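On a predicted model such as this, the values are computed, not experimentally measured, just so you know. Just so it is clear: chains get the letters A, B, ... in the order the sequence lines come, proteins before strands, and each one is counted from 1.
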Amino acid sequence: MTTASKLVSMHDAIARHVPHGSMVLLGAQMEQMIPFAAGHEIIRQGKRDLTVVGPISDILFDQLIGAGCVSRVMAAWVGNVSAGVGYCLRRAVERSIPRRMEMVDYSNFTLALALHAAALGVPFLPTYSTLGSDLLAKNGNLREFSSPVSEEKLVAVRALRPDVAVIHVQRADEFGNAHLWGSLGTAVDGARAARKVVVVAEEIVAPEVIASDPNRTLIPGFLVAAVVHEPWGAHPSPAQGYYGRDHAFFSQYHEQSRQVEDFEHWLERWVLRVSDRREYMNQLGACRAEALGVREHAYSAAADFGY
Amino acid sequence: MTTASKLVSMHDAIARHVPHGSMVLLGAQMEQMIPFAAGHEIIRQGKRDLTVVGPISDILFDQLIGAGCVSRVMAAWVGNVSAGVGYCLRRAVERSIPRRMEMVDYSNFTLALALHAAALGVPFLPTYSTLGSDLLAKNGNLREFSSPVSEEKLVAVRALRPDVAVIHVQRADEFGNAHLWGSLGTAVDGARAARKVVVVAEEIVAPEVIASDPNRTLIPGFLVAAVVHEPWGAHPSPAQGYYGRDHAFFSQYHEQSRQVEDFEHWLERWVLRVSDRREYMNQLGACRAEALGVREHAYSAAADFGY
Amino acid sequence: MPAGAQAETTTRDYTLGELMVAAASREIADGELVFVGMRLPMLAFLVAKQTRAPRAVGLYENGVIRETPSPELLYTMADPPNLRNATQCSQMLDVMALLQQGRVDVGFLGAAEVDRFGNLNSTWGHRDGQTTRLPGSGGACDIACLSRRTVVLLAHERNRFRERVSHITSPGHGLGNGWREAQGLPARSGPSALITTLGVLRFGSDGEAYLASVHPGVSVEEVLANTGWTLRVADELLETPAPAAAELSSMRSLDPNHFWTR
Amino acid sequence: MPAGAQAETTTRDYTLGELMVAAASREIADGELVFVGMRLPMLAFLVAKQTRAPRAVGLYENGVIRETPSPELLYTMADPPNLRNATQCSQMLDVMALLQQGRVDVGFLGAAEVDRFGNLNSTWGHRDGQTTRLPGSGGACDIACLSRRTVVLLAHERNRFRERVSHITSPGHGLGNGWREAQGLPARSGPSALITTLGVLRFGSDGEAYLASVHPGVSVEEVLANTGWTLRVADELLETPAPAAAELSSMRSLDPNHFWTR
């Protein structure tokens, strides 16, 4: 039909769809396909007062916090998954460096339920999780109540509706219909919970490729505001079928973010002084990228949609 | 690993896993892949006092009702999707023929939510649907309550946990790991809501085929009690990639179920006097099967799980 | 279908079904999300796609979402042609979630009975003084509760157009203005048009139906005689516009043998 | 890791990490559903699979379910080798749903601090009188609330083993027997073992931890000195069994360079 292409540059996608003060879902797929390229563009554009949402966004949240973009974090875990704590998080929470910041602590499940509630269009969803914990005591979006159909205590997890979800996917067409596979985490609910979706794709493919497998189309284009073609856009996190996890990069970041001066140097080098992901990858070097590439393809068996 | 094969005949699967009086989910995928072969075996084995659950199981529920297997129906719609009303349903509700039967009327969404609640392990889920309707007034598993996080009225849909879900799928391995695609309906939640699952598969494939696409494995084998290899087991409903819908069969059933004597004749011919699905298909005839077969294959684009 | 209306249509270039499909298709604006259903509404959606609403998106209760017409005539929403090359094959819960989020602009419904305020009954039928059990809600109750607006297609017969339905399968405007909000249903939702075999009814701000247009060749008296309550008539009563050439050619390409539009 | 324990292990044929992994693997019975986690618990799960629990099923919070070991060492649960040929790649909600249904037999956890009743803190650390912000719950709170039993692995240090944790990230037995049920948590759930760098603690019917076994070469006094409350000791205190040859060969095939089990 006559739908217009939604392809834009990363610069334009962030400029248009991530205003100051907005609530942004990043890193919905846990440790895979974290939208680092989008996060770095947010930093370069100096976005401020963001609420960042995501179960575990590995070091991306730490970087956004260290760069001063974030006034509030709604997450279950913030740090460096393979190396330990996040030093920017610590500085922000313990000493308000570079700015004061609010932490709203969720568990993975309650954050997933908050997004699921918004995706379902209900004000809350019930769970037994967090009963007896200080998460329940301290997070105002978790509230104990009595089940209307039984004598049980339950926790109402309030719906969380991000202004925008940035979802990194393996492939999409120019209208935003997206295939993703492997580690899904909260991506499907996240895309449906958000007011709009920015899809960042390793590959832009013909609509026929996406349409050939509508069960793998986990984000339909009509929910998508912008599509960015950004190969290697999730580095140093992995993208199944495209590249592996750059464990060393995470370790190096861990060391280089321990002191605030070192972090600022890191930020200059990897974010502020590169203009886009292409330059970032040039700096990373072809050898390193080559080493992360797919060594052995493993293609899914076909499903027949014929009749 | 050392997991034992779960492959059994349809006879044994039904004999073992569908006792008299049990609550059985059938037809989770709406008008596709309705487990008619399983339903007919239930009739042949003379199962009694079943509660049948399913959003819309097309004429399968009508047949089970007419055969006297059913004491309670929990569904959103019972009839003949392409032809209209279900005459056995009418006779049972209006005149208790062949027996008295209770109808618990759901809408599609509230039935899906009842299964989703059980799949999530919570006693209920909230919705705005059915407010103001007589479904809410008459179905005791729907109850109005006040939102614990807002001033709104909501309906609590009580979790529904079938004793067994019979799910027809395109392919499975002998351990019950199953690929299904196309019309999913409530199959994923249904399989997780039920205490046990019987998988009926068009094809049994090597475990490697299933493992090649873990995102399409919508039913994991560890939830499955039995796997039945039953080609054409969903006829006259369609199985995407295997065969189309036999519209004429539905029309013929409509005519031949209008009078109770004709229905009994139909039941004799298509269920009671055939010993299994193979005999049923022989009776249907190779020409008719051929005409329903796939004329043009349409294979999904591969997803690369390599690294 | 009343004999009068049928006789009329045979003297024209289109059938009554085609007139109803064309009228229904005009209820869809471009870019809208539409809960489609089967039979005439499905055809209306496809006509709208090919004429004034090329960016409309169709949702089906089995979880299918489509932006392109199915390449073949469908008997059910899960027929194989409706799944191949769909925009998305999701779960029932996923499309119902879009509905509950308030994203669905219009939903199409049928019913056995309708009343003055657009409440629908598809659970119990009344025929010759007997009560008969009908198939039930399916997704109709959900669509009636949660779409921004609903469009109902049904045969205009006195025993189907009742002062008050005996059973509300799918809530309309209940007892009138404010009733939906009082029940907790979404604000500014509810039935917006009844497209019948005799005309088109719309709803006033008080939630009560009125006759907005009569089909060509149908008299107001005929409509009133086939309505089980005192139906209000619009001050400026219109004639339902005949199907445009583009609408007719679209629906005929999709249903060349008049399977649905006889 | 206390210097004493480390010195001991170097005189044996296995490392302290290997002892802990072997002990943890014995907490998994055949056919059980296990919320696995990373590092030592992941290795313990894989050892269990290859020895006494071949039909155990592993769940990961990103939605992955696996019955076969990942072919490569993992740094995170979403590393590509953990997804390829998985039993299922579902959503986070799906694996958490299995947990909430009560289907998960055992969940493995770590923590910065633990107390007398097995409550865990992984949100706020205490070091040299300073309070430090730690990464937080992740899925730990969910697993602690909803698994039938939990097994916690952590370093046995006095400042981590506290009379009362300052923040309950993950509820254990709260204030003792009956507390979990009073909170509304599932009946007969909660911590079942703490596998530390010095020994194994289990829980009495009153919900309080007691020392069930000491690792080879570790004295009771050393354990007590490194515990921030008066720890009860089992009447029949055992020595933690050394890893069996099959366990050692299994874990060494999975982690040949002692990356996790140094």
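Between the side chains of B:Y307 and D:D79, no donor-acceptor pair is found at a separation under 3.5 Å.
Chain B forms the most heavy-atom pairs under 4.5 Å with one residue out of D:G63, D:G31, D:P80, and that residue is D:P80. The most heavy-atom pairs under 4.5 Å with chain D, out of B:P214, B:G306, B:G121, come from B:P214. Of the listed residues (B:T217, B:L120, B:N215), the one with the most heavy-atom contacts under 4.5 Å to chain D is B:L120.
Classification of the B:H179-B:W181 ring pair by plane angle, with boundaries at 30° and 60°, yields perpendicular.
In this structure, no portion of B:I210 lies under 4.5 Å from any heavy atom of chain D. Contact annotation for D:L99: neither backbone nor side-chain heavy atoms come within less than 4.5 Å of a heavy atom of chain B. Of the two parts of B:R216, neither the backbone nor the side chain holds a non-hydrogen atom closer than 4.5 Å to a non-hydrogen atom of chain D. D:P186 does not touch chain B: none of its heavy atoms, backbone or side chain, sits under 4.5 Å away. For D:D94, the parts lying under 4.5 angstrom from a heavy atom of chain B are both the backbone and the side chain. Heavy-atom distances place the side chain of D:E72, and not its backbone, under 4.5 Å from chain B.
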>> For a side chain to side chain contact (heavy atoms under 4.5 Å, CB included) check, start with the C-alpha distance between D:R252 and D:E18, then their side-chain angles and the critical distance, and finish with the verdict.
In response: CA-CA 9 Å; D:R252 285 170 186 171; D:E18 287 174 335; 2.9 Å; yes
>> Walk me through whether B:V228 and B:V8 qualify under side chain to side chain contact (heavy atoms under 4.5 Å, CB included).
In response: CA-CA 6 Å; B:V228 179; B:V8 296; 4.3 Å; yes
> Do B:I14 and B:K47 pass the side chain to side chain contact (heavy atoms under 4.5 Å, CB included) test, and can you show the C-alpha distance, the side-chain angles, and the key distance before you say yes or no?
Replying inline: CA-CA 9 Å; B:I14 298 302; B:K47 299 294 183 181; 4.0 Å; yes
>> As a quick check of understanding, evaluate side chain to side chain contact (heavy atoms under 4.5 Å, CB included) for D:L120 and D:T169, giving each step before the final call.
In response: CA-CA 6 Å; D:L120 305 178; D:T169 308; 5.6 Å; no
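Taking the six-membered ring wherever Trp is involved, the centroid distance between the rings of B:F124 and B:F145 falls below 6.0 Å.
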